Amino acid sequence: MRLTCLLVLSAVAAYGAENAVYDSNGRMTAMIYGGDELAVRTDLVAPVAGWSRLAGLAQSTRTEVTRGDGAAAWKGVIEIQPGKTARSEQTAREDGASTRLTVQLTADAELDLEGVFFRIDLPRVEFAGGRGEFQDGAAAQTAALPVHKPPQAEFFRGHAATLAVTDAGGNLKLSASLSRVHAVSLRDTWDRSGRAYSLWIELHRGALAAGATASAEITLSLTGRPDSSPARLTLDASRRRYRLHGFGGNYCFNIESPVTQYTLKNLRVAWARTEMTPAEWEPENDNDSPADTNWEYLKSHDRPDTNLRREFLLAKQIQEMGIPYVISIWRLPEWLYTDPGKQGPQAQRRRVAPEKWNELLECLGSYLLHARQQYGVEPDLFSFNEANIGVYVLFTPEEHREALKSIGAHFEKLGLKTRMLLADATGPRGTHEYALAAASDPEAMRYAGAVAFHSWGGATAEQYAAWGDLAEWLQLPLLVAELGVDAAAWRGRVYDSFHYGVREVRMYQELLLHARPQGAMQWEFTSDYSMVRTARRPDGGEELTPTHRFWFIKHFTDLTPANSDALATTSNHAKVLFTAFTAASGGRRVYALHVANLAAAREITLQGVPAEAATLRAWRTSETEAFRELGTVEAESGVLRLQMPPRSLLTLVGPAE
């Protein structure tokens, strides 16, 4: 096969391999071997004397994260005892197939501890019945990993400078090399985080004096034979499932960043979402009469170099590019809340004062009228962001229904084209029920233009499907108004990794397979959760470097035909997800096939390729490639056989020109 050869030749090592995954505080959450992922977890822990409390990186505050030169570093402060803190530092560096960790804990005051330990949790299911080997330089010790609960949780204690834990089948092996000999122990644990064999490496024993530091350097490696079983994919081009308008992104926060213009220029944006900031438009009530607008006061806030001005100008740019967009509210002016001035700007679950409702309508309507009159723009849809949980304004389902009717009628009265966005709820798991009160009210639905949810945290196929079913029932477009994996990933820039990009690819594919949206908007296409790294050049300018996440998303935005039909697809492998789309273009039918291999390298057989698209162009993004065009591939009797590298996304577009 011509494509198979190209796949091998193009796999140059443009990027370093990713051996481990971390949370925002620096705790390892998984290790990767051959493309497969194993839940190996680490922590730096300091048990208080008597084991009354176990403080660790989970309790770290003010964590600072830096990344660069192939390393990541975390610094934080942990309250060990009431009023007594310690400073944690950890650096992780990929070193070939190994990960080198340097960890330390420094006491700010004398701490009454059992000791300071580095903890490694190995998943019990995979390692049950396995074996641990410990070498201190002079002698070796071994320990069997018990299948059943041992009499004591701690079933081994010894010393080691090197150690290895192997599963019962001799496949998976975690090796650790320590910079010096440490006391070590093994425990069989089962707590809220799950079942594990916990390896405790002692960095320091007993109390830690003020200013004293406990530290260690630990090199970890994980080896094993990954699951490389072949996958069989099937395309049924005769079955069209739903219409997809296209993909886009949020342009809500940090819109002044150069990333905003970079994504507008370098991605084909089919949907957008912007922020409406009533608190900047009307920070104080213009007057006591909602029927008498003080335009001079309101317009005075639309000044050069303000966020409000950038907001209007960005909306103008988006609309002139022909991109439909949603405008959403996060925060209201303090004077519109039931508790003005009593909470900070980050407070959630705030309520609109009922007696100020007409003032709210005036505020929203005047903002949109000014946008139309001064900038020629009108949003397609309007919403309060995540009002189901109050980020930051809370509505019950019934209040949401009444808001749709009241605000929708007001916009209509003003002659605005902007329709209401039903739900715009956070999280996909069962939250479709939030929309049902409004969905069952004909008057509310008069003003609804679409229904939306946010994908944070993911969902089951059935939970995603409930949103698609709701939209079909209402005969409204379904939008994923915030497409995101981890709502807390901004802490510690967890999103800035190849692994996070692979998680997003999985989510894109699962949403397309089960939720059936007409549009999906990535969080975000700005420097917030940025897919593009920025660095200051010597001349003072900004240097922009797209990450793998950018290239993964470009597969969907740029290679999926606009206004296309989703086709029926199947995959017999849980780690390979397959979606396909088709649209009429230039008197012929164009196809785009997205194949996501989420784990180890494997052979893939794809059958059902239409004869009219037998010759397809191929693009691939993997850990060593970024949106690389691979040439063309020929289907033989509708069948393609592909060799896909680990954790990669392949898009085939045909017929090739």
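Just so it is clear, the values below take in all heavy atoms, side chains as well, and ignore hydrogens, waters and symmetry mates. As the structure is a computational prediction, the values presented were derived from the model and not from experiment.
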Between the side chains of [X] and [Y], is a donor N or O closer than 3.5 angstrom to an acceptor N or O?
X	Y	result
R157	Q141	no
T99	E94	yes
N385	S328	no
T526	D528	no

So, [X] versus [Y], ring centres under 6.0 angstrom or not?
X	Y	answer
W523	Y495	no
W456	Y529	yes
F118	W200	no
F134	H159	no

Between [X] and [Y], is there a donor-acceptor pair closer than 3.5 Å when you use the side chain of the first and the backbone of the second?
X	Y	answer
T431	G427	yes
R131	L145	no
S527	S530	no
N250	Q522	yes
T460	Q463	yes
D112	A207	no

Let me confirm one number: the [atom1]-[atom2] distance from [X] to [Y], rounded to the nearest 0.5 Å.
X	Y	atom1	atom2	result
L174	S221	CG	OG	7.0 Å
N171	E126	CG	CD	10.5 Å
R273	C252	CZ	SG	5.0 Å

Is the closest basic N to carboxylate O distance between [X] and [Y] below 4.0 Å?
X	Y	answer
R100	D95	yes
R87	D108	yes
R537	E543	no
D121	R27	no
R647	E623	yes
K575	D36	yes
R536	E542	yes

Looking at every non-hydrogen atom in both residues, tell me the closest pair between [X] and [Y] and how far apart they are.
X	Y	value
S24	W74	O-CD1, 3.4 Å
V181	D136	CG2-O, 3.4 Å
S88	S60	OG-OG, 4.2 Å
N19	A97	ND2-C, 3.5 Å

Handout entry: NZ (K84) with more than 12 external heavy atoms under 6.0 Å
Key = yes
>> Is it the case that atom CZ in R67 sees more than 12 heavy atoms from other parts of the structure closer than 6.0 Å?
In response: yes
Here the salt bridge (Lys or Arg N to Asp or Glu O under 4.0 Å) pairs for residues 495-511, sequence neighbours left out, are R493-D496, D496-R533, E504-R549, R506-E510
I would like to know whether F578 and H594 meet ring pair (Phe, Tyr, Trp, His ring centres under 6.0 Å); could you show each step before the answer?
CA-CA 6 Å; F578 175 36; H594 299 299; 9.2 Å; no
Min side-chain heavy-atom separation [X]-[Y] under 4.5 Å:
X	Y	result
L101	M28	yes
L649	F556	yes
E18	I32	yes

- Kindly indicate whether a cation-pi arrangement holds for R124 with W190, taking the cut-offs as under 6.0 Å to the six-membered ring centre and within 45° of the axis. no
- Test the R350-Y392 pair against the cation-pi criterion, namely NZ or CZ under 6.0 angstrom from the six-membered ring centroid and within 45° of the ring axis. no
Exercise. I would like to know whether N597 and R602 meet side-chain hydrogen bond (donor to acceptor under 3.5 Å, both in side chains); could you show each step before the answer?
Key: CA-CA 8 Å; N597 181 29; R602 71 188 75 252; 2.9 Å; yes
Practice task
May I have the step-by-step check of side-chain hydrogen bond (donor to acceptor under 3.5 Å, both in side chains) for T189 and D191, ending in yes or no?
Solution key: CA-CA 6 Å; T189 63; D191 54 26; 4.9 Å; no
Task: Test log, rule side-chain hydrogen bond (donor to acceptor under 3.5 Å, both in side chains), inputs Q343 and R349 - done: CA-CA 11 Å; Q343 301 193 58; R349 303 178 68 82; over 6 Å; no
Taking the inter-plane angle between the rings of H514 and Y464 on a 0 to 90° scale, is it parallel (under 30°), tilted (30 to 60°) or perpendicular (over 60°)?
-> parallel
- Task: Look at the aromatic rings of W551 and F627 and report parallel, tilted or perpendicular, splitting at 30° and 60°.
- Result: parallel
Contacts of L267 meeting side-chain contact (heavy atoms from CB on, under 4.5 Å) (sequence neighbours excluded), chain-then-number -> T263, V269, F525, M531, F550, K554, T557, D558
Derivation and outcome, side-chain hydrogen bond (donor to acceptor under 3.5 Å, both in side chains), residues S179 and E217 | CA-CA 5 Å; S179 56; E217 184 175 293; 5.8 Å; no
Might you work through the ring pair (Phe, Tyr, Trp, His ring centres under 6.0 Å) test for F552 and Y508, ending with a clear yes or no? CA-CA 10 Å; F552 276 138; Y508 268 84; 9.8 Å; no
